[in-house]
Amino acid sequence: MSRQEAVEQYTKALKQGRKCYKDCVLHGSYPYLQILDEILSNAATAGQVELGVIEIPTEQITGTKTRGRDRAFSADFMPLMDTDTEFATKWIALCQAHLGDEGIRDPIRCYEYLGRFYVQEGNKRVSVLKSYQAPSIPAYVIRVVPVWSQEPEILAYYEFMHSYQITGLYQVYFSRTGSFAKLQKALGYAPDHVWTAEERRVFSSEFAFFQQSFYSLGGASLPITAADALLVWLKVYPFTFLKSAPTSELTKTLRAVWTDIRGLAQNDPISIHTETQEQKEDGLFGRLFKVKPFGHLNVAFISEHFPQESDWARAHTIGREYLEAVLDERVTIQVFDGVHPGREADEAIETAIACGAEVIFATTPPLIGACRKAAALHPNVCILNCSVSMPYSGVRTYYSRIYEGKFITGAIAGIMSRDGRIGYVASNPIFGVPASINAFALGAQLTNPHVQITLRWSCVEQDAMNLLVQDGISLISNRDLPTPDRIREPWGLCQTQNGAFRSLVSPYWHWGNVYVRLVRSILDGNWDTLDSRQGKAVNYWWGMHSRAIDILLGDDLPTGVKQLAGILRQGVVDGSILPFQRPIRDQSGALRNDGNQWLSPEEILHMDWLCDCVQGTIPTYEELLPMSQSIVRLQGVYRDKLPPEKEDPIL
């Protein structure tokens, strides 16, 4: 390289540095390099570890160790000094060396703190290499270890220190705990597999291409790492795709999941809709963003089970038949029953879309993986999965607030109980189930202040209901009715009489109303996209007001009790009665609500605690029967704390 070319490179870098400086000033951020000594002056550290000479990613070099030449550089390490300064002369000489016969061979010396590097010796070398967008640079690194704490950033960093021992790469840095184990699974490695030199080389090479596409789409402006984004991408595409796809195709696939990546950058990536679409369309936004209505829709239903084998599948089949009856000629229906998650589900959805499906309903949570892939490949198809709390903006989820019905059955149980002892059989520790237990308990306390709820789990014991009977409990809340026509005892709130069960009342699901309202919202042009535009996933969580659920009263229930049930039902429907707006203490005695506030839908959905009148605990994953572990991995209240397993359907 000639000196003139080096001077031109400096001029280009200087222009970039001054632009960065002005942008930082304009947006109120610090325009110079960060200084580690100043950062550490207010931080507690646990010591230092010398890592020796390693290759470090240049994008993670963000500052200097001490104050000195820090103001000679902008925040992006580009120069700020005029071309006639001594500083510029040395920078230009290094630039010539960089592209000369020998190159820049001497490693820089730097300190690493929380995944970012601060240069002690070699600031200009870093600046030159950054100006050429060099992906890495050799450096002698001293790691400064922060004191352990429960702060999310510290927890993520301690997990990184463990993962670094396995990968030997600084590029594999996540902003959220639990992510590295998911990466190991996605790459086909065992959780404790130590990467070989070849595996490090291959990953680094392919990941560099991914980073390039990530930053070209604006990834640098998001508060997440490129590794975070890779994990989202790997939920749809295999890592081997990086080896063969051209940059343009990779960018196209990354753009397909970009809304999910943006959602990951938000503290609250899920928008819970507790009202039906018809109720939300009024107002300025509803009028501005209302799109052209459809005259006809092709709708496909993907079910994991056959209706003759599963009450859950049968309930959704009845809901689908109700949709056909109500909307008649405005819909064409495709049905795919008995579809296993994985490749079979992928193929079923692709077949449905090839046959013209514009709307896909997948009726069980394990099908979410296939839904995610289809949403990325077919962004113009409306894809919905029957589940809750799935942070994927390409797939909308729908479920029902069954806890509202549980609150009413609890109130009836409190009246009907003679000794104040009531049993409750819960299904699985998944989102919404603790809310149902607590709503039932609060309903029982409403009519019987001294009631005690004995909790057992069908996911732990094969015959939880009979075990409650053996404990001398005669009034038990069993599983709900799947549909109002499936009358078979024992269902709902049951009373034992001479060894037999008599059902008193039960909530039930009305999937037909859910499907009619969702499809009608699309037909009418009310498929609201505001939340997904902001990178949020949409979760429809409807209750009695939307007629997504209701209660069925037994014929021989006392008249006065029926009247009370009607009053409570109307109060829940019109919003004058909120099950959780009252003083509530949990089992530890902690005050969860002082009675003067209402719990948000997010707080209710993600409850992982039980009321003080409940005797029993939420079972751990290890206590679950094998048949329950898969659904808990997908929808469990502690799913994010579970390490991934090879058979997990999604990351």
Side-chain angles (χ1 to χ4, degrees), residues 274 400-426 432 434-455 468 473-481 483-485 487 489-497 501-510 513 542-585 593 595-596 598-599 604 610-614:
T274 58
S400 299
R401 298 197 304 273
I402 201 71
Y403 76 82
E404 294 179 346
K406 288 288 193 180
F407 172 74
I408 299 173
T409 60
I412 293 174
I415 296 174
M416 300 295 290
S417 176
R418 296 177 181 176
D419 58 4
R421 299 179 67 210
I422 302 173
Y424 190 108
V425 178
S436 290
I437 299 169
N438 289 334
F440 180 89
L442 293 171
Q445 280 187 326
L446 184 70
T447 56
N448 189 339
H450 304 294
V451 76
Q452 289 292 319
I453 310 298
T454 301
L455 174 64
L468 288 169
I473 297 175
S474 60
L475 199 62
I476 303 170
S477 175
N478 193 25
R479 61 187 301 183
D480 310 318
L481 278 175
T483 58
D485 69 321
I487 308 299
E489 296 180 344
W491 51 265
L493 181 65
C494 303
Q495 195 170 45
T496 60
Q497 290 183 335
F501 294 107
R502 178 171 68 102
S503 295
L504 304 177
V505 59
S506 176
Y508 67 88
W509 313 71
H510 199 318
N513 279 331
W542 295 343
M544 283 188 166
H545 185 67
S546 303
R547 296 175 56 216
I549 67 159
D550 213 326
I551 56 171
L552 184 67
L553 303 177
D555 293 335
D556 55 352
L557 203 63
T559 302
V561 176
K562 289 182 178 180
Q563 291 176 333
L564 175 63
I567 293 171
L568 293 175
R569 180 187 179 280
Q570 186 57 45
V572 171
V573 168
D574 62 30
S576 61
I577 296 177
L578 300 174
F580 295 105
Q581 190 172 11
R582 57 166 296 174
I584 306 173
R585 290 189 180 275
N593 193 346
N596 296 318
W598 61 280
L599 299 185
I604 296 171
L610 300 172
C611 290
D612 56 357
C613 67
V614 177

- Do side-chain atoms of Ser436 reach the backbone of Lys406 as a donor and acceptor pair under 3.5 angstrom? no
- Message: So, taking the atom named CD1 in Ile408 and the one named OH in Tyr403, what distance separates them when rounded to the nearest 0.5 Å?
- Response: 11.5 Å
- Message: Minimum heavy-atom separation for Pro507 and Gly405, please, with both atom names.
- Response: CG-C, 3.6 Å
Return a table of donor-acceptor pairs under 3.5 angstrom between the side chains of residues 437-450 and protein atoms on other chains or two or more places apart.
{"residue": "Asn438", "atom": "OD1", "partner": "Cys611", "partner atom": "N", "Å": "2.9"}
{"residue": "Asn438", "atom": "ND2", "partner": "Pro434", "partner atom": "O", "Å": "3.3"}
{"residue": "Asn438", "atom": "ND2", "partner": "Trp609", "partner atom": "O", "Å": "3.0"}
{"residue": "Thr447", "atom": "OG1", "partner": "Ala411", "partner atom": "O", "Å": "2.8"}
{"residue": "Thr447", "atom": "OG1", "partner": "Ile415", "partner atom": "N", "Å": "3.4"}
{"residue": "Thr447", "atom": "OG1", "partner": "Ala444", "partner atom": "O", "Å": "3.4"}
{"residue": "Asn448", "atom": "ND2", "partner": "Gly414", "partner atom": "O", "Å": "3.4"}

- Report, as yes or no, whether the 6.0 Å neighbourhood of atom CZ on Arg421 holds more than 12 heavy atoms from other residues, nucleotides or ligands. yes
- Message: Is it the case that the side chain of His510 and the backbone of Ala548 share a donor-acceptor pair, with hydrogens and angles ignored and the cut-off at 3.5 Å?
- Response: no
- Note on the structure: d(Ile551 CD1, Ser506 OG) to nearest 0.5 Å is 9.5 Å
- Task: Check the pair Asn478, Phe501 against side-chain contact (heavy atoms from CB on, under 4.5 Å), reporting the backbone distance first and the verdict last.
- Result: CA-CA 11 Å; Asn478 193 25; Phe501 294 107; over 6 Å; no
- Item | Backbone of Asp556 reached by a side-chain donor or acceptor of Lys562 within 3.5 Å | no
- Message: Rounded to the nearest 0.5 Å, what separates atom OH in Tyr424 from atom CD1 in Ile476?
- Response: 13.0 Å
- Minimum side-chain heavy-atom gap Val561-Leu553 below 4.5 Å: no
- Message: Donor-acceptor pair, distance only, cut-off 3.5 Å: does the side chain of Asn593 make one with the backbone of Phe580?
- Response: yes
- How far apart are the C-alpha atoms of Asp550 and Tyr508, what are their side-chain angles, what is the distance that settles it, and do they pass the side-chain contact (heavy atoms from CB on, under 4.5 Å) test? CA-CA 6 Å; Asp550 213 326; Tyr508 67 88; 3.4 Å; yes
- Task: Apply the test side-chain contact (heavy atoms from CB on, under 4.5 Å) to residues Leu493 and Leu475: give CA-CA distance (whole Å), side-chain angles for both, the deciding distance (0.1 Å), then the verdict.
- Result: CA-CA 7 Å; Leu493 181 65; Leu475 199 62; 4.0 Å; yes
- State the CD-CD1 distance between Gln495 and Ile473, to the nearest 0.5 angstrom. 13.5 Å
- Query: Can you name the closest pair of heavy atoms from Val451 and Cys613 and give their distance?
  - Reply: O-CB, 3.7 Å
- Item | Asn513 side, atom CG; Ile549 side, atom CD1 - distance, nearest 0.5 Å | 11.5 Å
- Item | Euclidean distance, Trp491 CH2 relative to Leu552 CG, rounded to 0.5 Å | 4.5 Å
- Query: Counting N and O atoms only, with roles assigned by atom type, does the side chain of Arg569 sit under 3.5 Å from a partner on the main chain of Met544, one being a donor and the other an acceptor?
  - Reply: no
